[in-house]
Amino acid sequence: MAITSHNAPVSLSRRLTVSLSMLAVGLFIIMFGVTWTIVDRYAAKNLREDLLARATSIIALSEQERGDIEIDFNEKFMPDYAKATEPHYLQIWSWNGRADATLAHSRSLKENNLPLPKALTTVPSFYAATIDGRHVTVMAMRFTPVPEQHGSADTVEAVIAVASGMEATARFKQTFLLLSLIPLLVFFAAMLVGIHGFIRKGLQPLHRLVEAVTKIDINNLHASIDVDNPPLEVRPLVEQLNTLFMRLQKAMENERRFSSDVAHELRTPIAEIKLICEVEVRRGEKSSAYSEILAAAADMEATVETLLTIARIEGNKEAVVHEVCDVNAIIHALQRRYESQQKKRNIIFEYVDVEPLLVRSDCRKLELVLGNLMSNTITHALEGSTCTMRVAQDRDDTMSFHISNPAPQLGEGDQEKLFERFWQKEASRTKRGHSGLGLSLVKSLCGYLGLAIAAELSKDRLLTLTVSGLKKV
């Protein structure tokens with residue numbers, strides 16, 4: 001059962017980076033909000049303390065005598081109440097259950113009056129107001145001017161209101177936030193960099209695991225995955241993968257042993273059938289049945305030998321001989337070998353010799369690879385068609401062999417099945433002498449020689465088989 005996902009693939013590192021970055025952004029917003037609240041409260045507190053201090057200083061300059069209140073308010077000595085830009089405001093009233101006559105009025109107010117709340121007490125009240133379109137904070141309270149004669153019972157109260165604009169507070173908040181925002185941004189940037197580095201370091205065991213898994217193929221399933229000091233979360237995955245590869249190795253060995261055993265067991269009865277038929281044919285038996293049986297036995301024998309060859313190769317029982325091989329000479333020898341089959345089906349092979357093509361490989365097995373490819377092309381190409389072969393330079397030290405033929409009988413997706421054992425299109429299943437093992441043998445041989453085999457079907461149904469990884473001498 002395959003493990004599939006219906007969502008668009010997203011890397012784990014990207015998911016972790018996004019998640020932790022969102023967490024960092026959230027933390028940054030919280031820290032910024034907390035800082036803003038602290039700054040706002042601190043600025044408001046400073047403004048209130050300033051207004052209260054101004055009111056207290058003016059109250060100290062007030063006195064009363066026999067019900068008359070005198071305010072020693074002089075804008076010459078208090079220029080903040082007469083400035084043209086960003087002035088302070090002051091207004092004092094006599095109190096008779098309500099604000100009555102104005103006793104002092106700063107020049108900054110012009111013809112305006114400071115608003116008062118409905119309830120006034122000796123406790124300062126702070127509230128917002130607008131003077132000539134300017135937003136200000138007002139502090140108002142009732143107070144008792146100091147009597148000229150101490151102990152006098154005939155005292156009266158007054159109301160004082162002091163106001164200041166918000167510009168200084170706004171500048172203070174901006175400066176404070178700017179000074180605090182820079183460290184926050186530096187901290188946030190360092191957090192993002194740290195998150196990225198932390199994730200990369202944390203995912204290194206997974207990257208090493210991927211590298212270890214990619215080195216394992218069908219020929220070395222017995223190799224275990226060894227990751228240095230894997231985290232506790234990764235360790236069960238490593239153990240389960242090793243267990244899975246052991247099971248796959250055992251299953252592959254059982255399958256190979258079964259194929260080999262069956263092939264070995266079939267060799268003797270097939271040889272006996274061939275012998276009986278050959279004897280009867282030589283005795284002059286006129287029945288065509290023996291000839292048909294002999295031909296079928298020959299096909300079975302070829303299939304068995306191919307299965308045994310594949311079993312020996314996949315079981316690493318075939319020795320690899322590293323030698324210098326002339327690809328041109330191999331191709332010309334194969335063309336001569338299959339010349340009669342080409343003429344029979346009127347197949348033309350186009351191949352142009354280039355510079356001497358010397359590669360290092362097992363010449364006998366390389367010839368078997370190229371021979372099976374040519375035989376497959378001659379068998380399945382359209383009669384009277386032209387096929388091509390060429391050798392291309394891939395990198396400085398490797399080359400590839402390409403063989404192409406028209407294949408209108410193949411459909412989309414068929415090229416992926418060509419290397420499966422016994423796979424054939426329905427139209428060719430009844431052909432004698434073709435078991436569907438040729439390309440499977442080619443794939444096994446290529447894997448054994450360290451080569452790669454691939455099939456490509458173009459839109460105009462041109463099949464190209466490519467053997468790559470030939471090491472140039």
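Here the structure is a predicted model, which is why all the values come from computation and not from measurement.
- Nearest heavy-atom pair across Gln64 and Thr144 is NE2-CG2, 3.5 Å.
- Summarising the geometry, atom CG belonging to Leu357 is positioned 5.0 Å from atom CE belonging to Met399; distances are rounded to the nearest 0.5 Å.
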Review point. Can you check side chain to side chain contact (heavy atoms under 4.5 Å, CB included) on Tyr351 and Val391, steps first, answer last?
Key: CA-CA 9 Å; Tyr351 176 70; Val391 178; 4.1 Å; yes
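- Listed for the Glu86 side chain is no donor-acceptor partner under 3.5 Å among the backbone atoms of Gly165.
- Asn372 pairs with exactly one of Val369, Asn376, Leu368 by the side chain to side chain contact (heavy atoms under 4.5 Å, CB included) rule, that one being Leu368.
- Counting only distance, with no hydrogens or angles, the side chain of Gln91 and the backbone of Asn113 share no donor-acceptor pair below 3.5 Å.
- Within the model, atoms OG of Ser444 and CD1 of Ile453 stand 11.5 Å from one another, a figure rounded to the nearest 0.5 Å.
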Exercise for review: Kindly indicate, with the supporting measurements, whether the criterion side chain to side chain contact (heavy atoms under 4.5 Å, CB included) is fulfilled by Asn405 and Leu462.
Suggested key: CA-CA 6 Å; Asn405 65 274; Leu462 181 68; 5.6 Å; no
Sequence neighbours left out, cut at 3.5 Å: what donor-acceptor pairs do the side chains of residues 39-49 make with other protein atoms?
from: Asp40; atom 1: OD1; to: Lys173; atom 2: NZ; distance (Å): 2.8

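- Side-chain contact between Pro87 and Arg134: present, with at least one pair of heavy atoms (C-beta onward) separated by less than 4.5 Å.
- In this structure a side-chain-to-backbone donor-acceptor pair under 3.5 Å is present from Ser108 to His88.
- Leu449 contributes atom CG, which lies 7.0 Å from atom CG of Leu366 (distance to the nearest 0.5 angstrom).
- Between Val138 and Tyr127, some side-chain heavy-atom pair lies under the 4.5 Å cut-off.
- Between the side chain of Tyr89 and the backbone N or O of Val136 there is no donor-acceptor pair closer than 3.5 Å.
- Side-chain atoms of Arg360 do not come within 3.5 Å of backbone N or O of His322 as any donor-acceptor pair.
- For Glu456, there are no salt bridge (Lys or Arg N to Asp or Glu O under 4.0 Å) partners, not counting sequence neighbours.
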Pairs of donor and acceptor atoms involving the side chains of residues 464-473, under 3.5 Å and at least two apart or interchain, shall be tabulated with distances.
from: Thr464; atom 1: OG1; to: Ser404; atom 2: OG; distance (Å): 2.9
from: Thr466; atom 1: OG1; to: His402; atom 2: ND1; distance (Å): 3.0
from: Lys472; atom 1: NZ; to: Glu355; atom 2: OE2; distance (Å): 2.9

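- In this structure, the separation between CG on Leu457 and CG on Asp414 is 7.5 Å, given to the nearest 0.5 Å.
- His105 contributes no side-chain N or O that, together with a main-chain N or O of Glu111, makes up a donor-acceptor pair within less than 3.5 Å.
- Residues Val123 and Met141 form no side-chain contact, since every pair of their non-hydrogen atoms from C-beta on lies 4.5 Å or further apart.
- Using a 4.5 Å heavy-atom threshold, the side chains of Ile92 and Phe143 count as touching.
- Rounded to the nearest 0.5 Å, atoms NZ (Lys443) and CG (Leu445) are 13.0 Å apart.
- Taking CZ of Phe401 as the start and CG of Leu451 as the end, the distance is 12.0 Å to the nearest 0.5 Å.
- Using a 4.5 Å heavy-atom cutoff, the side chains of Phe73 and Leu103 are not in contact.
- Shortest non-hydrogen contact noted between Pro408 and Leu382 is CG-CD1, 3.5 Å.
- The shortest side-chain heavy-atom distance between Leu370 and Met389 does not fall under the 4.5 Å cut-off.
- The closest side-chain heavy-atom distance from Ile58 to Met78 is below 4.5 Å.
- The closest donor-acceptor contact from the side chain of Ser375 to the backbone of Gly371 lies at 3.5 Å or more, if one exists at all.
- Of all the heavy atoms in Thr155 and Pro147, the pair that sits closest is CG2-CG, 3.7 Å.
- Nearest approach of Arg461 to Glu412, heavy atoms of both residues: NH2-N, 4.4 Å.
- Two residues are said to be in side-chain contact when any heavy atoms from C-beta on lie closer than 4.5 Å; Val162 and Leu114 fail this criterion.
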